[in-house]
Every structure is written in structure tokens, then in C-alpha cells.
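Right, one structure below, let's go through it.
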Amino acid sequence: MKKTTPSQDFVRGIWKENAVLIQMLGLCPALAVTNTVKNALAMSAATFFVLCCSSVLISTFKRLIPKEVRISSYILVIATFVTLADMILQAYAPVQHKELGAFIALIVVNCMILGRQEAFSSKNNVFRSLLDAIGVGIGFTIALVMMGGFREILGVGTFFDISLFGPNFEPWVSRVLPAGGFLTLGFILLAMGYFEQRKKAKPPKVEAETVEVSS
Amino acid sequence: MNDQTLFSIFFSAMVVNNFTLAMFLGLCPFMGVSARVETALRMGLANIFVLVLTSLSAWFLNTFVLEKVPFLRIISFIIVVASLVQIVEMVVKKISPVLFRQLGIFLPLMTTNCAIFGLAIFQTNRGYGFLQGIVFAVGAGLGLTLALVLMASIRESVEFSDVPAIAKGTGLVLIIAGTLSLAFMGFAGLL
């Protein structure tokens, strides 16, 4: 594993190793609850909270956790924070809690969170684990809000419940239905592949230093 | 208690609210092990087995343990799922080492398979009884298998076709999944 600076830890998760769009982790929530921007934001906030808290806790106790049972210990820590997030949302944002339903509980099985603990927090100090968690969390939020934005604008004609196109807009209903989730993410990936290819076709300028995927 | 008939639970879990194509649960194996029909079929069967066991244990926990401590639900469910997967892993390794190698990382990853954990949560939220839970699990498992096998057979047949370079990989899989999901929307009005 290459040595990285703290700022690289932070930046890398936001776009270059974006959990949803590049690594294809945490797809279930990214597809299931992004039918409106509001839901996407609530989901990202809950995931962000769980990710940061468990990263800090696990990197604090990384020496105390026996190697053989580390995955189960991580899961337990994550499950505890998910229970907290569930209760907090239920108390302060009951509407959102009802909309998201079972998917709040399903944050436990979000592979992105477990992946960060296994790949980063268990090997690095508290400060850098927190930076990494914040970076990955922001990346996750960007991806979810992007999906939610596309789907809400096309499928309902609103953004954050504000009508964009006036009453004559005929909503493209299938965008907010499950099929729309798959197709929207598919098209985003195709667009990213297209830009990637165009970048490659150009004569390479000064090669930016790439951060190796930590494994 | 929920008073849906067993048939409607079964049918709803299998096609109308298909776990993979309508509720986005269990996407990791859906993307990962759907390259070959045979592997997909076996993965589906392993899933059905774990789902039924999960449904039984979730019902047991809900009825006898969690009445007084509902806030422990998420934690206790995940422990049960993790240990079940561990058991299934050992059994598969013993009975069929070939299958064990084919499923590879996706077998232990079943712990973080949303379909299995999701089943336990949905079953609780909807208040299914003992028999309803089992029927729900079998239906959901068959639905997963159906989606996996459909996906695998489509992927096998587009393997050698000339897709644009940008669409190679996950993008194409997602578009196919979206099309399948559109097709499954046709069942939406049935129940």
C-alpha cells in the first residue's frame, strides 16, 4: 500500500474512488431511495453519520479487536450506530423516516461502510480514518443527490418539491419507478465511460499522480 | 397479525415486488455472479435456503425475545444472519467444494446481502406469522433466483456481441437490469 497524505485520504473518496459510481458499493440504497432529492439527502445523512461514527470508533479500538472476529465486531459497531440513526430520524424527521422505511435498517448491510472499516479504519489512526470517512461520505452524498436530482426532475418535474416546468409538464413516470433507478445509474455510468474514453484518446498531458486502491 | 392469503404473499414476493428488480435488494450477487446461468442458479438456491432459515429465526426472535427489547432488533437480526451464513458456508464447503469455489467471495458476502437482512425486516414490519414468513421467504428466494437466472442468460447471449466500448461492464448490466425491471412492471397490476 502506497503512503498517502491526509489530504489525499480526504479527496480520494469524493470522486476518484467514489463508492457508488466507481467501486459499485452500496448500490441498494443508491437505487432504492433516490426517487426524490429529499429522500436521497436523508439517506445520505444517515449513512454519513453511521460511517463517520463507526470509522472513529473502530480506528480507536483497532488494537483491541482480535483479528479472527473483526468482521463481526465491525458489524456490531455499525449495527449499534444504525439503531441510533434510526431512532434519531424517527424522533426528529418522522415523515422522512416513514418514506425510507426499512431502508434505514438496511444501512447495516451497506457494503460501502464495512468496506471502509476493513480497508482503512482498521489500519490507520483516528484522524485519518475520520478524514477518509468524511470523504467517502461526501462522495456517497454526491452520487445519491445526483441520482435523486435526475429522477425527480425527469419523473416528477420538481426539484426539492419546487416545480420547475410549470403545469404543462408531462412527467416521465417510469423514472421514479424501480426501472428508472437502474436505467438512470446505467446512463450515468455510460456517460462516465464516454468521458473516460475521450480523456484517454487525447494525448496525455502531465500524468496526475494516482492513488492506488488500498486493499 | 397480517391476514394476507399465503398465495398472494408468495406471488407478490416472487414477481410483483421482486426483491431484486423492484426493491433493489441483493444487488451485489446480482451484478457479481450473474455471468453464468449454472452458477446463478446455484447461488439462487443457496439464497433460498438461507432466506428460509432467516425467516424462521426472525420469527422466533420476534415472538419470544424481542417483545420487551425492540431497540435490539437490528443488532440481533444481523448476528443471526451472520451466523447462519457462516453455517451455510461450512455446509457448502463440505458438500460441494466446487460450488464453494465458484461462489467465492459472494458466499461470505451474503452476510451483507441486503436481501436476507431485508427479508427479516420486512417480515417484522408487515407482521407476518410463522407460515406466512416461510412462504414469503420461499417466494422471495424464487424471485431472486428468477432474476439471477434471467440476467445470467441475457448476459451469456450478449457476451460475444458487439457492444460499444463505453458500455462494456457494469453500465451494460445496469441497462439490462433496467429493461428487465421495466418488463416486471407489467405484473404490477396483478395484486
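Order of the sequence lines sets the chain letters (A, B, ...), proteins ahead of strands, with each chain counted from 1.
Of the charged side-chain nitrogens involved, at least one lies within less than 4.0 Å of a carboxylate oxygen, so that B:Arg42 and B:Glu38 count as a salt-bridged pair.
There is no side-chain donor-acceptor pair under 3.5 Å between A:Asn124 and A:Ser129. Side-chain polar atoms of A:Ser122 and A:Gln117 form no donor-acceptor pair below 3.5 angstrom.
Contact check for A:Ile153 versus A:Thr158: no side-chain heavy atoms found under the 4.5 Å cut-off. Side-chain contact between B:Leu148 and B:Thr39 is absent, with no heavy atoms from C-beta onward closer than 4.5 Å.
Here B:Ala177 is the residue among B:Ala183, B:Ala177, B:Gly26 with the most heavy-atom pairs under 4.5 Å with chain A. Ranked by heavy-atom pairs under 4.5 Å with chain A, the list B:Ile121, B:Asn125, B:Leu182, B:Ile75 is led by B:Ile75. No other option in B:Leu27, B:Leu21, B:Val173, B:Leu72 has as many heavy-atom pairs under 4.5 Å with chain A as B:Leu27. The candidate with the highest count of non-hydrogen atom pairs below 4.5 Å against chain B, out of A:Gly181, A:Ala30, A:Ala79, A:Pro178, is A:Pro178. In terms of non-hydrogen atom pairs under 4.5 Å with chain B, the most contact-rich of A:Pro29, A:Gly193, A:Ala179, A:Ala191 is A:Ala179. When each of A:Ser72, A:Ala102, A:Gly101 is checked for heavy-atom pairs under 4.5 Å with chain B, A:Ala102 comes out on top. With chain B as partner, the option from A:Leu106, A:Val82, A:Leu189, A:Leu27 having the largest number of non-hydrogen pairs under 4.5 angstrom is A:Leu106.
Proximity to chain B is limited to the side chain of A:Met87, based on heavy atoms less than 4.5 angstrom apart. If you measure heavy-atom distances from A:Leu185 to chain B, the contacts under 4.5 Å come from both the backbone and the side chain. Neither the backbone nor the side chain of B:Ser76 comes within less than 4.5 Å of any heavy atom in chain A. If you measure heavy-atom distances from B:Phe122 to chain A, the contacts under 4.5 Å come from the side chain alone. Heavy atoms closer than 4.5 Å to chain B are found in both the backbone and the side chain of A:Thr80. Proximity to chain B (any heavy atom under 4.5 Å) is restricted, for A:Phe103, to the side chain, taken from C-beta onward.
When atom types are taken as modelled, the side chain of A:Ser174 and the backbone of A:Gly180 share no donor-acceptor pair closer than 3.5 angstrom.
Taking the six-membered ring for Trp and the full ring otherwise, B:Phe7 and B:Phe10 have centroids separated by 6.0 Å or more.
Ring orientation note: the planes of B:Phe24 and A:Phe182 are tilted relative to one another, at an angle of 30° to 60°.
Atom SG of A:Cys28 and atom CZ of B:Phe19 lie 11.5 Å apart (nearest 0.5 Å).
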